Number of protein chains: 2
Amino acid sequence: MGSKEKKGRVLPCGRTLPPEAPPPNEEQMQAWHSSLRDYLTREGLKYTEQRWTIARLILETGGHLDAQDIVARVKAEHPGIGAATVYRNIKVLCDAKLLEDSHRSPDGRVLYELPDEHHHDHIVCTDCGEIFEFHDDEIEDLQVKIAQNFGFKLEGHRHLIQGRCNYLKKKSG
Amino acid sequence: MGSKEKKGRVLPCGRTLPPEAPPPNEEQMQAWHSSLRDYLTREGLKYTEQRWTIARLILETGGHLDAQDIVARVKAEHPGIGAATVYRNIKVLCDAKLLEDSHRSPDGRVLYELPDEHHHDHIVCTDCGEIFEFHDDEIEDLQVKIAQNFGFKLEGHRHLIQGRCNYLKKKSG
DNA sequence: ATGAATGCAAAGGTTTTGCACCCCC
DNA sequence: GGGGGTGCAAAACCTTTGCATTCAT
């Protein structure tokens, strides 16, 4: 045993994830920590234990969480931290660019994700809820043209593709 | 005066809408009315004054409303109709295909719109909130390819472009 | 007359706010 | 020591649900 441990996590639907994105390492955490401290200093806000605890718990997960996921996660590990504090800090972390309002789940909840150097959109499995990221330059270009055709100055977009990731499995099953 | 009345509505941001989609005419209303009655009969549900009042108020607007917009509109004209009745009927109207869960506003609310024969996505002005519809076959095709690349069976998508419709006006002003 | 629909109010669930106390700078 | 931060509870908000009554068929 032990020779195939690099295969990545198996989803509820049976699909095996490629081992693409390892959890953030210690160095990355340090960088985020400094980044947060800098932001707080710059804005005249204060560093608190709770603030970093909340940030860390979110950053460790890799993102794609909604507010309630975050509250639950914090409560589980630190029952002493109140929900109001979590909500207040989600806002601060977004302002600090350590977190961003990413997209909506199909049922309308706001999902947060970690800041990323490249823009991407999302494809979500309606079976297992797993979210993957995609990027397509052609679509990006087409969006610019569409905005131009409407006389709009493009400011952003939200693009979510929905489908089922276990299609192949079901076909053969 | 009177020679230019076909120019369409002027938005809060100054943009003049092309007179593309006139409000539904009496004939269209009649068709929807029959369609609703048929649906209700088919499902063993009942036709009520309130039911049609709510439907009519929504259908008259052309859509792109959220639940609260609808409640407000109904309350304004018919204070006797309770909010619960409105919510219950939004569901019925969706089931009857006279209304559909269209997309999310940038802040996450569910927007409803009238059923349309062609699929389309939306482009929204962050200044005035006006929503236009667009369709792009190339983007549609690219989405299929993306889903395939992920091993997904495509089920749907939500695509919202955000921008400012008064860009041209601001540039010259 | 029978069961669905309504209106009201109460309950549910999530997020925000008020306030006394605490603690970082 | 002062102003932001926290925790708790209450409030605010939107939507759903329970129930007695009304109404369509």
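In what follows, chains carry the letters A, B, and so on, assigned in the order in which the sequence lines appear, proteins first and then strands, with residues in each chain numbered from 1. Treat the numbers as computed from the prediction; the structure is a model and nothing was measured.
- Ionic pairing of Arg73(B) and Glu77(B) is not present here: no N-O contact between side-chain nitrogen and carboxylate oxygen is shorter than 4.0 angstrom.
- The nearest pair of heavy atoms linking Thr61(B) to Leu57(B) is CG2-O, 3.1 Å.
- Counting non-hydrogen atoms under 4.0 angstrom, Ala67(A) reaches the backbone sugars and phosphates but no base.
- Nearest heavy atom pair, residue Leu99(B) against residue Pro115(B), reads N-CD, 4.1 Å.
- Residues Trp32(A) and Leu114(A) meet the side-chain proximity criterion, which asks for heavy atoms closer than 4.5 Å.
- Rounded to whole Å, the distance from CZ on Arg104(B) to C1' on dC14(D) is 15 Å.
- In this structure, Asp66(A) places its CG atom 10 Å from C1' of dT14(C), rounding to the nearest Å.
- The nearest whole Å value for the distance from the CD atom in Gln68(A) to the P atom in dC14(D) is 17 Å.
- Nearest approach of Cys165(B) to Cys125(B), heavy atoms of both residues: N-SG, 3.2 Å.
- Using bins of under 30°, 30° to 60° and over 60° for the plane-to-plane angle, the ring pair His157(A)/His119(A) lands in the perpendicular bin.
- If you take NZ of Lys75(B) and C1' of dT15(D), they are 14 Å apart, rounded to a whole angstrom.
- Remark: Gly44(B), Leu45(B), Lys46(B), Thr48(B), Gln50(B), Arg51(B) in residues 36-56 of chain B come within less than 4.0 Å of DNA chain C through at least one heavy atom.
- Remark: Ala84(B), Thr85(B), Arg88(B), Asn89(B) in residues 84-91 of chain B come within less than 4.0 Å of DNA chain C through at least one heavy atom.
- Ring pair His122(B)/His64(B) is perpendicular by interplanar angle, where above 60° counts as perpendicular and below 30° as parallel.
- Minimum interatomic distance between Met29(A) and Trp52(A) (heavy atoms only, all atoms of both residues): O-CH2, 3.8 Å.
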